[in-house]
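Beneath this line is the structure, given in structure tokens, with notes to follow.
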Amino acid sequence: MPVYYNVSSRLFPILQGCPSAFCYRPVDMPKFTVLFGVFFVVFFSTLSGQRAWDGAYLDFKADNDFFYLPDKTDQYFTSGLTLEVGREEKAPSPLFAAPLARRRQFLRLTQDLFTPRRIEAREFLKNDHPFASYLVLTYGTGYADEQLGFGFSQQFTAGVLGKYSGGGAMQNAYHDLLSFADRIPGWHYEVKPDLILNYRLGLRRGRRLGRVFWLSTDLVARLGSLYTDLAPALTAEWLALRVGPKRTVRFELSGQARLVGYNATLSGGLFNIDRRYRGLIIPERLVGRAGLDCFVDYDGWRVSGGIRRITPEFAGGRGHAWAWIGLRVQPGWRSAISTRNSLP
């Protein structure tokens, strides 16, 4: 009996000699890196008249259920990678009466992978999460006024769902490089490839409780071919330590109830309709999520991490937990405004 082990979400080696058509070749990486860097430098130089890195940041985040040490599972939402570049600065708000608000603009690249509990399965599974992955690019803007205690944000997302996102091909490519891991056959039954177009609107109302506590309520609506849902949320923030304007430790405790209209990772996309899972996977219409996060800021650096736990997302499913870690660098921190993340 072969042993299946999700190595791709644990290791990040450079792929060489990969047989998959979706693998990245090392000779192409320098060109990609140069073009990637030039694009974002030009992008940020056009956002305002400031120097290119004033108030800008680069953020990397990795999610994985293996990071959640009590369980170390490998199922449902199993792995996610996010790279974000953005800028925070004072700017006129289109809504607030105050002359200036804190504006945030960013570009975010995200790849998320989902697998069933029976990761070794070679057939369609009833009451289990389908194999699914997506690769999306998101452009977002937001404004926050801490004196008024109000903020809003909007995001536009486009990308691909299914095999062209490279999730299954990348995971099996990692397995091909390792002698102790077998290929995962179930990716053959991944949800069909489809186009992703999504819009997200977030509203936040916050209130300061003393000098170190902050309580906020959020309302987030998403509409599109990846996710369509509505989620009110409550977040409590505690500033545990402050030894300077850029040297802090804070914690966030959050809870969310999501009313689900559509989830393409369970049912396939809306354009290239996938009927294989209709009747096999019954999404839950109300899904709860809780989170506990920690953020450590030291001058222009931020190290962060946290855990997430959600209730079952489909009939016959189980609750699931995972953890995330993140690193942010803000080269222009000396001339930037506070980076406290209060946008919805």
Given Trp322 and Ser79, is the side chain to side chain contact (heavy atoms under 4.5 Å, CB included) satisfied, shown in steps?
CA-CA 9 Å; Trp322 69 91; Ser79 177; over 6 Å; no

Can you check salt bridge (Lys or Arg N to Asp or Glu O under 4.0 Å) on Asp145 and Arg102, steps first, answer last?
CA-CA 6 Å; Asp145 189 308; Arg102 186 165 62 84; over 6 Å; no

My understanding is that only one of [options] makes a side chain to side chain contact (heavy atoms under 4.5 Å, CB included) with [X]; could you say which?
X      : options                        : answer
Tyr76  : Ile310, Thr115, Asp128         : Asp128
Phe314 : Ile282, Asn263, Leu266, Leu280 : Leu266
Val249 : Leu239, Leu241, Val243         : Leu241

Once rounded to the nearest 0.5 Å, what's the spacing between atom [atom1] of [X] and atom [atom2] of [Y]?
X      : Y      : atom1 : atom2 : answer
Ser165 : Asp194 : OG    : CG    : 11.5 Å
Asp293 : Arg308 : CG    : CZ    : 4.0 Å
Asn64  : Thr78  : CG    : OG1   : 5.5 Å
Glu88  : Phe106 : CD    : CZ    : 10.5 Å

From CA spacing to verdict: salt bridge (Lys or Arg N to Asp or Glu O under 4.0 Å), Asp297, Arg302:
CA-CA 4 Å; Asp297 289 280; Arg302 171 180 293 172; 2.8 Å; yes

Partners meeting salt bridge (Lys or Arg N to Asp or Glu O under 4.0 Å) with Arg205 (sequence neighbours left out)
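Once residues adjacent in sequence are excluded, Arg205 has no partner under the salt bridge (Lys or Arg N to Asp or Glu O under 4.0 Å) criterion.
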
Using the side-chain hydrogen bond (donor to acceptor under 3.5 Å, both in side chains) rule, take Glu237 and Ser216 through it: C-alpha gap first, then chi angles, then the decisive distance, then the call.
CA-CA 8 Å; Glu237 179 182 332; Ser216 61; over 6 Å; no

Are the aromatic rings of Phe114 and Phe131 close, with centres under 6.0 Å apart?
no

Taking every non-hydrogen atom, the tightest pair across Arg276 and Tyr189:
NH2-O, 4.0 Å

